Structure formats: structure tokens, C-alpha cells
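In this text, all values refer to a predicted model and were calculated from it rather than measured experimentally.
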Amino acid sequence: MASHASSITVLVNPAAGGTTTPGLADDIAAAFAALGVVPRMVTFQAGDDVVALARDAAGTSDIVVAAGGDGTVNAVAGVVAGTEVILGVLPVGTLNHFAQDLKLPMGLAEAVATIVGGRVIQVDAAEVNGRLFINNSSIGVYPNAVGIREQLREVGHGKWTAMAIASWRVVRTYRGLPVTITANGRRTSARTPFVFVGNNEYVLEGFKVGKREDLTRGQIVVYLAPRIRTRELPMLVLRTLFGHASAVGAFEIIPTSEATVDVTRGRRVVVSLDGETTALQMPLQYQTRPGVLRVIV
């Protein structure tokens with residue numbers, strides 16, 4: 001439990017959720033104050049070094065709270081992983097996958113109350129080439145679409161409109177990746193629209209599709225679709241949403257503790273990590289980091 005004596009720093013991303021929320025830091029501080037807690041508040045803007053801010057916070061606080069979306073949580077988690085510093089999450093982003101999979105409350109007052117009075121559990125993270133992620137990492141369709149999305153945003157499109165246009169362009173033209181995956185002593189070579197690596201297992205059918213039931217199994221799960229062409233992906237998504245078991249048969253699913261992913265063309269590849277993209281050197285070395293995060297739930 002986070003006692004009132006714990007020192008807490010809250011890192012606030014006022015632009016989480018796609019639009020700037022004026023007064024977000026004040027609202028958070030007021031919610032803590034209502035429970036008799038006065039945290040140190042640090043607001044950052046686009047372009048600020050969030051990792052450096054998280055390091056500074058971890059050096060002076062027992063609890064570092066990420067008030068933002070999954071990108072903000074990722075930045076803080078990468079700093080506190082493997083330490084005694086506790087991660088708190090205020091889900092004020094767009095999707096908040098990590099918070100939802102931990103079944104944290106989505107309302108601000110309830111989420112603050114969880115940080116003040118909740119319990120600390122240890123959950124898994126994963127990493128690729130030393131870069132930590134809390135939800136998932138992928139290569140292929142999604143990072144390519146994000147690259148086009150950012151170009152479209154620079155010329156004035158909104159985030160979601162830009163993503164829709166970018167996804168449509170990629171689905172029409174992307175030919176897939178030739179990959180070799182080594183895991184559990186086996187090599188798998190295929191051409192696939194994507195390789196998706198989850199920190200623990202994702203639900204692939206029905207209304208819980210894209211959710212995780214457990215973040216403590218100490219595994220990563222590699223997903224690819226070697227029998228699917230990129231243009232067939234929208235229909236595959238619909239089939240998974242509506243619970244067609246045949247859709248799951250389109251995936252190759254590899255639960256493991258570590259995996260090597262090698263793209264047979266090029267030395268670097270664009271990789272997504274919890275929705276953000278970066279270029280990494282091949283091959284990609286994925287592994288689980290069991291119980292590495294102490295988080296309040």
C-alpha cells in the first residue's frame with residue numbers, strides 16, 4: 001500500500017489523448033490533496049526528455065506516477081524496472097492498454113485513490129535489443145502506417161484521420177516481410193504482413209480481443225500471419241472481433257521466453273514499442289523480464 005509517508009512524483013503529459021488538457025496537473029494535484037497527499041508534480045511537453053525526468057523522479061521518490069498514455073507509462077517503466085521504485089499509473093491517454101489489462105479504474109479520482117490506497121504487485125515487462133516494452137512490439141504493417149501517419153499530421157491532418165489514411169495506403173500496397181524467427185529451438189521462415197510480440201498472451205477472439213488476462217506468466221508471445229496477404233488484414237480483423245475460430249487459424253502463435261527475429265533484407269528495421277516507433281539493428285532479440293515492475297493496483 002502507498003502510505004501517506006511515501007514520496008510521490010507525478011509526471012504529467014497534458015497532451016495525452018491527442019488533445020492538450022489545460023489544468024490536468026491541477027486536477028491531479030487536487031485529487032491527491034483530497035486524500036491528504038501532496039505529490040511533486042512535473043508537467044512535460046512534446047520534445048522533453050521524459051526518460052531523464054523519470055530518472056530524476058526515481059532518484060528522489062518511492063513512487064513515480066505516469067499520468068499519460070502508454071507511451072508515458074513505457075518511459076517511466078523503462079527507468080523503474082528492476083528497482084525498488086514503484087510505478088503508479090493514471091490512465092489519461094487515448095487507449096491506456098496497460099492500465100486496462102491491469103484492471104485499473106479509468107476515472108481520475110478513482111485512479112488517484114488506487115495509487116494512495118492500493119497494493120503493490122510485481123508484473124512482467126519484455127524487451128527487444130535492450131529496449132523495454134510493457135504491452136507489445138511489432139514490425140511490418142503497423143510501424144509503416146505510423147510513419148505515413150506522422151507525415152500526414154505534419155501537413156495538417158488530425159491523428160485519427162491520418163492513421164485511417166495511412167492504414168488504407170499500407171494495406172493496399174505493403175507486400176509483407178520475409179522473416180526468420182528462432183524460438184524454443186525451432187526456426188520458422190515466412191513472409192508475413194507483421195510480426196507482433198506481446199508481453200504475455202493476447203486474446204484473439206471476441207469482444208476481449210486485444211486484451212491480456214495475465215501479466216505475470218513470464219512469457220512473450222510471438223504472432224505472425226504467414227498465410228495472410230496484407231490486403232486481407234481488414235477482413236481478418238473483423239473475423240477475430242466477431243469470434244470466428246477460423247480467424248485464429250490464420251496466425252502462427254509462438255509462446256516463449258525469448259526469440260530472435262531476423263528480416264532477410266536490410267540491416268535495420270522500424271519497430272514499434274507500445275505505439276512509438278524506432279529503428280533498431282537486426283537481428284531483433286526479444287525476451288521476457290518476469291516480475292520486473294512493481295506497480296500499484
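- In this structure, CG on N13 lies 11.0 Å from CG on L53, to the nearest 0.5 angstrom.
- Within the 4.5 Å cutoff, the side chain of Q219 has heavy atoms near those of the N200 side chain.
- Residues T260 and I181 have side chains not in contact (no heavy-atom distance under 4.5 Å, counting atoms from C-beta outward).
- Side-chain contact, T9 with S61: a donor N or O sits under 3.5 Å from an acceptor N or O.
- Under a hydrophobic-cluster definition in which Ile, Leu, Val, Met, Phe, Trp and Tyr are linked whenever side-chain heavy atoms come within less than 4.5 Å, directly or via other members, V89 and V37 are assigned to different clusters.
- Between F251 and L224, every side-chain heavy-atom pair lies at or beyond the 4.5 Å cut-off.
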query = Should V179 and D262 be marked as a side chain to side chain contact (heavy atoms under 4.5 Å, CB included) after you check the CA-CA gap, both sets of side-chain angles, and the distance that decides it?
reply = CA-CA 6 Å; V179 299; D262 207 350; over 6 Å; no

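- Considering V197, T188, I253 as possible partners of V222, the one that fulfils the side chain to side chain contact (heavy atoms under 4.5 Å, CB included) test is V197.
- When every heavy atom of A183 is checked against every heavy atom of A259, the shortest pair comes out as CB-CB, 3.9 Å.
- Annotation: R40, atom CZ; neighbour count of heavy atoms from other residues, nucleotides and ligands within 6.0 Å is above 12.
- Under the 4.5 Å side-chain heavy-atom criterion for Ile, Leu, Val, Met, Phe, Trp and Tyr, V263 and V270 are members of distinct hydrophobic clusters.
- In this structure, T192 and A225 approach most closely via the heavy-atom pair OG1-N, 3.0 Å.
- Relative orientation of the Y223 and Y202 rings is perpendicular, given thresholds of 30° and 60° on the angle between their planes.
- Note: the hydrophobic cluster containing V297 also contains V292 (ILVMFWY, side chain heavy atoms under 4.5 Å, direct or indirect links).
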task = Kindly indicate, with the supporting measurements, whether the criterion side chain to side chain contact (heavy atoms under 4.5 Å, CB included) is fulfilled by I63 and V85.
result = CA-CA 6 Å; I63 300 167; V85 179; over 6 Å; no

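- In this structure the side chain of P14 reaches within 4.5 angstrom of the side chain of T43, judged on heavy atoms.
- We find that R212 and E201 are not joined by a salt bridge, their nearest charged nitrogen and carboxylate oxygen being 4.0 Å or further apart.
- Distance CG/L284 to CZ/R131: 12.0 Å, rounded to 0.5 Å.
- Remark: I86 CD1 to I115 CD1 distance equals 11.0 Å, nearest 0.5 Å.
- Between L104 atom CG and M106 atom CE the span is 6.0 Å, to the nearest 0.5 Å.
- V195 and V271 fall within the same hydrophobic cluster, defined by Ile, Leu, Val, Met, Phe, Trp and Tyr side-chain heavy atoms under 4.5 Å apart, directly or through other members.
- A donor-acceptor contact closer than 3.5 angstrom links the side chains of Y286 and S137.
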message = Could you go through Q281 and R268, starting from their C-alpha distance and side-chain angles, then the distance that decides it, and tell me whether this counts as side chain to side chain contact (heavy atoms under 4.5 Å, CB included)?
response = CA-CA 4 Å; Q281 197 79 21; R268 291 171 75 79; 3.1 Å; yes

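- R187 places no side-chain N or O within 3.5 Å of a backbone atom of T182 that could act as its donor or acceptor partner.
- Under the 4.5 Å side-chain heavy-atom criterion for Ile, Leu, Val, Met, Phe, Trp and Tyr, F196 and F98 are members of distinct hydrophobic clusters.
- For the residue pair T277/S272, the side-chain donor-acceptor check at 3.5 Å is not satisfied.
- At distances below 3.5 Å, at least one donor-acceptor pair connects side-chain atoms of N129 with backbone N or O atoms of Q285.
- For the atom pair OG1 (T72) and CG (N96), the distance works out to 9.5 Å, reported to the nearest 0.5 Å.
- No side-chain heavy atom of L215 sits less than 4.5 Å from a side-chain heavy atom of D124.
- For the 3.5 Å distance criterion, the side chains of R294 and Q122 fail to qualify, holding no donor opposite an acceptor.
- Defined by atom type and a distance below 3.5 Å, a donor-acceptor pair is missing between the side-chain atoms of R289 and N199.
- A donor-acceptor pair under 3.5 Å is formed between the side chain of T114 and the backbone N or O of E110.
- Shortest non-hydrogen contact noted between L11 and A54 is CD1-CA, 3.7 Å.
- In plain terms, the two heavy atoms of D70 and H97 that are nearest each other are OD2-N, 2.8 Å.
- Minimum heavy-atom separation, A77 to I134: CB-CG2, 3.8 Å.
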task = Please assess L102 against V295 for the test side chain to side chain contact (heavy atoms under 4.5 Å, CB included), listing each intermediate value before the final yes or no.
result = CA-CA 9 Å; L102 285 174; V295 61; 4.0 Å; yes

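- V92 and A67 get closest at one heavy-atom pair: CG2-C, 3.6 Å.
- Residues I220 and T256 are in side-chain contact: their nearest non-hydrogen atoms beyond the backbone lie under 4.5 Å apart.
- At least one side-chain heavy atom of N184 sits under 4.5 Å from a side-chain heavy atom of I254.
- Looking at S257 and T288, their side chains never bring a donor and an acceptor atom within 3.5 Å of each other.
- Taken from CG in N135 to CG in D101, the straight-line distance is 6.5 Å, to the nearest 0.5 Å.
- Side-chain contact between P39 and F32 is present, with heavy atoms from C-beta onward closer than 4.5 Å.
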